[in-house]
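See structure below.
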Amino acid sequence: MFDTIVVATDGSDSVRRAVDVAVDVAARFDAEVHAVYVVDSGEVESTPDEVRDDLREALDDHGEAALDQVTDAATARDADLDITAEVREGRPAPEISGYAREVDADVVAMGTRGRHGENRFLIGSVAERVVRTCPIPVLTVRQLTEEDPRRTTI
């Protein structure tokens, strides 16, 4: 059912559970995993020229570390998966959707912070934009709170 899974990561805690879920699904279906991290070009371009290159390099390094978390999750699960990792630069939502189309993904896995109350109406999250615009099914995985009994650590 799933041959190719794209997992979008930014290395944050809210994405760790999505990475774990994507790795679990990939292991169950013997699927390829494509991990993608997007350096937000808007964030880079809005910085002063003097620090722009340093910021881009720092974000690239952060991206590599975020992508390593996908490999670490597969190792922790003892899953022998084919994992491809890529750092891209651009607007995150279109880059994630475009990458998923390029690799002919069956599903895109993403984390979400699972906001409640008034905060749930905040517009602009990357996950929300990918859900609304990506032609490929998107699996959103809510971050669990510290108190949630389903919360596990790697």
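This structure is a prediction, so every number in the text was calculated from the model and none was measured.
Without hydrogens or angle criteria, His62 side chain to Val39 main chain gives no donor-acceptor distance under 3.5 Å. Remark: the backbone N or O of Ala31 is not paired with any side-chain donor or acceptor of Asp3 at under 3.5 angstrom. Using a distance-only test at 3.5 Å, with no hydrogens or angles considered, a donor-acceptor pair links the side chain of Ser46 to the main chain of Glu43. When atom types are taken as modelled, the side chain of Arg17 and the backbone of Arg142 share a donor-acceptor pair closer than 3.5 angstrom. In terms of modelled atom types and a separation under 3.5 Å, the side chain of Asp106 and the main chain of Thr4 share a donor-acceptor contact.
Between Arg56 and Glu89, some side-chain heavy-atom pair lies under the 4.5 Å cut-off. Between Ile96 and Val126, the closest side-chain pair of non-hydrogen atoms falls below 4.5 Å. Using a 4.5 Å cut-off on side-chain heavy atoms (C-beta onward), His34 and Ile5 make no contact. Residues Thr112 and Glu128 have side chains not in contact (no heavy-atom distance under 4.5 Å, counting atoms from C-beta outward). Side-chain contact check for Thr84 versus Val33: every heavy-atom pair is 4.5 Å or farther apart.
Contact between Cys134 and Ser97 at its shortest, heavy atoms only, is CB-OG, 3.4 Å. Summarising the geometry of Glu50 relative to Asp54, their closest heavy-atom pair is O-OD2, 4.5 Å, with the distance given to 0.1 Å. Heavy atoms only, all atoms of each residue included: Ala27 and Arg77 are closest at CB-NH1, 3.3 Å. Here the shortest heavy-atom pairing between Asp20 and Ala73 reads OD1-CB, 3.6 Å. Taking every heavy atom of both residues into account, Val36 and Tyr99 meet most closely at CB-CD2, 4.0 Å. Here the closest non-hydrogen pair linking Met110 and Ala18 is C-CB, 3.5 Å.
Transitive grouping of hydrophobic side chains (ILVMFWY, heavy atoms separated by less than 4.5 Å) keeps Leu81 and Met1 in distinct clusters. Linking ILVMFWY side-chain heavy atoms closer than 4.5 Å, directly or via other members, places Val38 and Val87 in two distinct hydrophobic clusters. Val21 and Ile83 fall into different hydrophobic clusters, where Ile, Leu, Val, Met, Phe, Trp and Tyr are joined by side-chain heavy atoms under 4.5 Å apart, directly or via other members. No continuous path of ILVMFWY side-chain contacts below 4.5 Å connects Val23 to Phe29, so the two sit in separate hydrophobic clusters. In this structure, Val15 is not a member of the same hydrophobic cluster as Val25, with clusters built from ILVMFWY side-chain heavy atoms closer than 4.5 Å.
Salt-bridge formation is not detected for the pair Asp40/Arg91: no Lys NZ or Arg NE/NH1/NH2 atom is positioned less than 4.0 Å from an Asp or Glu carboxylate oxygen. Salt bridge present: Glu86 and Arg88 bring a charged side-chain N and a carboxylate O closer than 4.0 Å.
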Determine, step by step, whether Val70 and Val7 satisfy the side-chain contact (heavy atoms from CB on, under 4.5 Å) criterion, reporting the C-alpha distance in whole Å, the side-chain angles of both residues, the deciding distance to 0.1 Å, and the verdict. CA-CA 8 Å; Val70 178; Val7 60; 4.1 Å; yes

Apply side-chain contact (heavy atoms from CB on, under 4.5 Å) to residues Phe2 and Arg28 and explain how you reach the verdict. CA-CA 9 Å; Phe2 297 113; Arg28 290 172 193 257; over 6 Å; no

Test salt bridge (Lys or Arg N to Asp or Glu O under 4.0 Å) applied to Asp13 and Arg16, step by step: CA-CA 5 Å; Asp13 287 340; Arg16 284 210 175 101; 2.3 Å; yes

Does the side-chain contact (heavy atoms from CB on, under 4.5 Å) test come out yes or no for Val108 and Leu139, once each step is laid out? CA-CA 6 Å; Val108 176; Leu139 171 64; over 6 Å; no

Applying side-chain contact (heavy atoms from CB on, under 4.5 Å), run through Val6 and Val103 and close with a yes or a no. CA-CA 8 Å; Val6 169; Val103 299; 3.7 Å; yes

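The structure places CD of Glu64 at 7.0 Å from CG of Asp68, a figure rounded to the nearest 0.5 Å. Between Asp10 atom CG and Leu59 atom CG the span is 11.0 Å, to the nearest 0.5 Å. To the nearest 0.5 Å, atom CG of residue Asp82 and atom CG of residue Asp80 are 9.0 Å apart. Atom CD in Gln69 sits 11.0 Å away from atom OH in Tyr37 (nearest 0.5 Å).
Residue-environment remark: CD (Glu57) stays at or below the threshold of 12 foreign heavy atoms within 6.0 Å. Atom CG of Asp104 is surrounded by 12 or fewer heavy atoms from other residues, nucleotides or ligands within 6.0 Å.
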